[in-house]
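Data first, discussion second: the structure below is written as structure tokens.
Residue numbers begin at 1 in each chain, while the letters A, B, ... track the order of the sequences. Just so you know, these numbers use all the heavy atoms, side chains as well, and skip hydrogens, waters and symmetry mates.
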Number of protein chains: 2
Amino acid sequence: MSINQTQIKVIRKLLRSGATARVARLLQRIHPADVAELFSELSPPETKEFVDVLFTSRRAGATLRELPDGILQNVLEMISDAQLAVMLNGLPPDDALMFLNLVPEDRVAAVQEQLDPEQAFEIERLLRYPEGSAGSLMTPNVLTMKENRTAEDALNELRARGAELEAIFYLYVVDDAGRLTGVIPLRKLILSPQQVELRALMVRDPISANVRDDQEIVASLVTKYNWLSLPISDDDGVLVGVVTVDDVIDVIHEEATEDFYHLAGLDEEDRVFSPVMQSVKKRLGWTVFNLGTAFLAALVIGVFERTIEELVALAVFMPVVAGLGGNSGSQSLTVVVRGIALGELEFSSGLRAILKESTVGLLVGVVAGVLTATVVFLWKGNEWLALVLFLSMLMNMALGALVGASIPLILKAFKLDPALGSHIIVTAITDSFGFFSFLGLATLMFSLIGG
Amino acid sequence: MSINQTQIKVIRKLLRSGATARVARLLQRIHPADVAELFSELSPPETKEFVDVLFTSRRAGATLRELPDGILQNVLEMISDAQLAVMLNGLPPDDALMFLNLVPEDRVAAVQEQLDPEQAFEIERLLRYPEGSAGSLMTPNVLTMKENRTAEDALNELRARGAELEAIFYLYVVDDAGRLTGVIPLRKLILSPQQVELRALMVRDPISANVRDDQEIVASLVTKYNWLSLPISDDDGVLVGVVTVDDVIDVIHEEATEDFYHLAGLDEEDRVFSPVMQSVKKRLGWTVFNLGTAFLAALVIGVFERTIEELVALAVFMPVVAGLGGNSGSQSLTVVVRGIALGELEFSSGLRAILKESTVGLLVGVVAGVLTATVVFLWKGNEWLALVLFLSMLMNMALGALVGASIPLILKAFKLDPALGSHIIVTAITDSFGFFSFLGLATLMFSLIGG
């Protein structure tokens, strides 16, 4: 299936000639995820035409939910409140909510008034959960049964309700109060003798997440146990929804992007094709912060202006000390941030990680320091300069590793995002300390030689 | 379920007192993924004891496959070839292969000789596919049927073969030559009238991956279409296996780790708790490379030693120009590498991305340049120095963005990993060019003022 350039050309031509019925027929043979890819190729008038085709062929919901947020926002502006309400009525509540989150506040109220009362109620329920929580990810349509029913009952119920259910990989067993007591994989339900009671088939006390748990917890549970969906309970243990593995995959991508972006000092909404002025605005904050840290390093150098006047070669090797220290810090930062994200590193083992990274930084620093000192001695013939470089490099590389490994763990202890200990902060420290140790030792050296 | 510190203590106590039967009983109530977590808490003799319990209770395979590679390698050394062969016979071939990949070459042959012939044959088949290919990820146990069979036939077959099948989310329909012609979700099979022929239920010409496709392609298809498994075909279109969504999740984590690590100049095997000397060895390569780039920057400064002698304040502001340029480059690098990984950026739109990032870099550079020039003018009262800083900063930040955005796209064009355009390479360029433009302009300024 998929979609190629020739097919795209055909569809654009049909759209321009107004042959919407033929476009609708073509679309039936293409997966919504592929149809969504068409959008980035269409001009605004073609987009308008195309959206109308999607609505008349009732494929708007399934297709539009595959669009990236940026394009989707533009498309939503093209359709009326009534159209939007019709589309949202046909979607699972969690998908409908995803659309509403992209619509301006005042429009949300207008659209909600035109929704089916049941759908409006379900969406309202989901709206109580903060963005990024298990509750905001889940679909409330779950197949549940009491434990005294049989496998046959369950399969019959499934046949009756199948169309409205998004996730039917597991049957969840609940008690009279709706509390989760067991889970049965659909596969086991089919493979078992049909008259067996569910209580005999179910795995008892399955792991669930709380509605308010962070989506990262949901993702790590699904990753760890290889499940297709995770049940979500409220504070009373009542089953209120499930998060499916496809949503978990989106969360994993999103969380990785967040870490990449935070490490580089970027805002998550600053994407490769965001409008230029939006990207500029988003980057100014961290850039001004970075200017501050760069001036701090400049101040440190300023203190030693007279030392540099005495030996300008010092200015030549400043970037070697600072650069290698910064790189050592970035490496430890990356190893620890990734270790936390993958669950390889618990808080209890944090000290061990810091110690290990610092040792590695020190040892790599010794090697880099020896190499540098040798080259500089051969180049400049100054054994004092070589010694100062050696000492300041190993100190700065060990410090870089120590700081790079510590910052994410400290941030985690304060329940902040570990990746916020970005490269900018680590290099601010290795720059300033690098210049201080290098130029400070050089000053000391002059006073020793001079005296 | 899960496992907590108290439970861990109980199990360790039972192990030390030799009450292995009681440990075995406890383990039946714990998920293998949780049992695996125990390992990091056990001493070597406890581990040996524990592995024996896992083998006698036939839970070794399911539990050990959840272990991180580092711990698993140690455990595999504790068990005999015969034990290992028994365990591998009970696992799907793809999982068995995962174990064999962690065993030294000479031991592989010894173990393979003791495997069931069927299992040895299946593993041999998988061994033909390179690591990281769709073939190496797939399980060859797939449920397939001809299109003239009925839904009832399919469910009966499923009941008969269910136990040996790992992935039964879809029924794959094949022609007489075994070529994939359609797919039917298990759910549809259950919900349909039982006498309907499969040809009437199936979605025709489903998307599949080739056995030699990279695992990234598999992951992006499953992410895009929200599937639970992806069929894998050979060059003749014959269905040879499926990759399931849980393996795809592992691939997504792995690929993100690879990008994080390559950006920071790290080898993937250099993990948070790798042995110190292994990490040191792995980091030396990039560190020596980084030393080379740092000396390049030093050489650039060396050219301008006489200019610095004339105005030592230049040395003070060198890190501002270099640091901000490097940060601008890192930001564009991250945006583009992540854009490629998430499929937001095709090669055809690469030029647009480079242009956009360069514009953003230039505009942010103008703001940062103006701020810097103002501060420096107020601090040093030197309008020429302020002007030189302004110009070199906006040039270096625009260049950083240009280089940061271009390198990953160029690497991709040469079929290399886009993230290999690591921070080290980008900052090498922004450091050298930053010093060159700043000190070069300053030299020009002196000759103008002087003349």
Side-chain angles (χ1 to χ4, degrees), chain A residues 1-2 31 33 159 162 168 187 191 205 207 223-226 245-246 249 252-253 256-257 260 264 266 272 276 279-280 283-284 287 290-291 294 297-298 301-302 305 308-309 312 315-317 319-320 323-324 327 330-331 334-336 338-339 342 344-345 353 356 359-360 363-364 368 371 431, chain B residues 1-2 31 33 159 162 168 187 191 205 207 223-226 245-246 249 252-253 256-257 260 264 266 272 276 279-280 283 287 290-291 294 297-298 301-302 305 308-309 312 315-317 319-320 323-324 327 330-331 334-336 338-339 342 344-345 353 356 359-360 363-364 367-368 371 431:
Chain A
M1 297 193 299
S2 198
H31 191 286
R159 291 200 178 91
I168 51 167
R187 155 199 187 135
L191 301 183
D205 304 321
I207 292 177
T223 299
K224 179 175 168 189
Y225 296 109
N226 294 339
V245 69
D246 55 314
I249 287 182
I252 292 171
H253 283 304
T257 301
F260 274 105
L266 283 167
V272 63
V276 167
S279 291
V280 170
R283 275 180 221 185
L284 280 182
T287 302
N290 193 11
L291 263 182
I301 302 172
E305 269 193 51
I308 297 172
E309 261 168 30
V312 177
V316 172
F317 297 110
V320 179
L324 273 282
N327 187 48
S330 292
Q331 289 179 325
T334 298
V335 168
V336 171
R338 202 58 196 147
L342 293 177
E344 294 171 353
L345 179 59
K356 184 239 162 171
T359 313
V360 173
L363 292 177
V364 176
L371 281 173
D431 272 9
Chain B
M1 297 191 301
S2 197
H31 190 285
R159 290 201 179 91
I168 51 167
R187 154 198 187 134
L191 301 183
D205 302 323
I207 293 177
T223 299
K224 179 175 168 189
Y225 296 111
N226 294 339
V245 69
D246 54 314
I249 287 182
I252 292 172
H253 282 304
T257 301
F260 274 104
L266 284 166
V272 63
V276 167
S279 291
V280 170
R283 277 181 220 184
T287 302
N290 193 11
L291 263 182
I301 302 173
E305 271 193 50
I308 297 173
E309 260 167 29
V312 177
V316 173
F317 297 110
V320 179
L324 273 283
N327 188 47
S330 293
Q331 290 180 324
T334 299
V335 168
V336 171
R338 202 59 196 147
L342 293 177
E344 295 171 351
L345 179 59
K356 185 241 160 170
T359 313
V360 173
L363 293 177
V364 175
V367 177
L371 280 174
D431 272 7

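Using a 4.5 Å cut-off between heavy atoms, A:L284 contacts chain B through its side chain alone, with no backbone atom that close.
Heavy-atom pairs under 4.5 Å with chain A were tallied for B:N226, B:L342, B:V316; the largest tally goes to B:V316. Between chain A and the residues B:L363, B:N327, B:T359, the largest count of heavy-atom pairs under 4.5 Å involves B:N327. Here B:A315 is the residue among B:A315, B:G339, B:G323 with the most heavy-atom pairs under 4.5 Å with chain A. Chain A forms the most heavy-atom pairs under 4.5 Å with one residue out of B:V320, B:N290, B:I252, B:V276, and that residue is B:N290. Counting heavy-atom pairs closer than 4.5 Å to chain A, the top-ranked of the candidates B:P319, B:A294, B:A298, B:S330 is B:A298. Among B:L266, B:T287, B:V364, the residue making the largest number of heavy-atom pairs under 4.5 Å with chain A is B:L266.
By the side chain to side chain contact (heavy atoms under 4.5 Å, CB included) test, A:L371 is found to be paired with A:V367, B:V288, B:L291, residues two or more places apart in sequence or in another chain being considered. For the salt bridge (Lys or Arg N to Asp or Glu O under 4.0 Å) test, no residue two or more places apart in sequence or in another chain qualifies with A:R338.
Using a 4.5 Å heavy-atom cutoff, the side chains of A:E309 and B:I308 are not in contact.
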Given the rule in the side-chain contact (heavy atoms from CB on, under 4.5 Å) test, do A:I249 and B:V245 qualify, once you have shown the distances and angles that lead to the verdict?
CA-CA 9 Å; A:I249 287 182; B:V245 69; 3.7 Å; yes
Test side-chain contact (heavy atoms from CB on, under 4.5 Å) applied to B:V272 and A:K356, step by step
CA-CA 8 Å; B:V272 63; A:K356 184 239 162 171; 5.9 Å; no
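The aromatic rings of B:Y225 and A:H31 sit perpendicular to each other, their planes meeting at more than 60°, with 30° as the lower class boundary.
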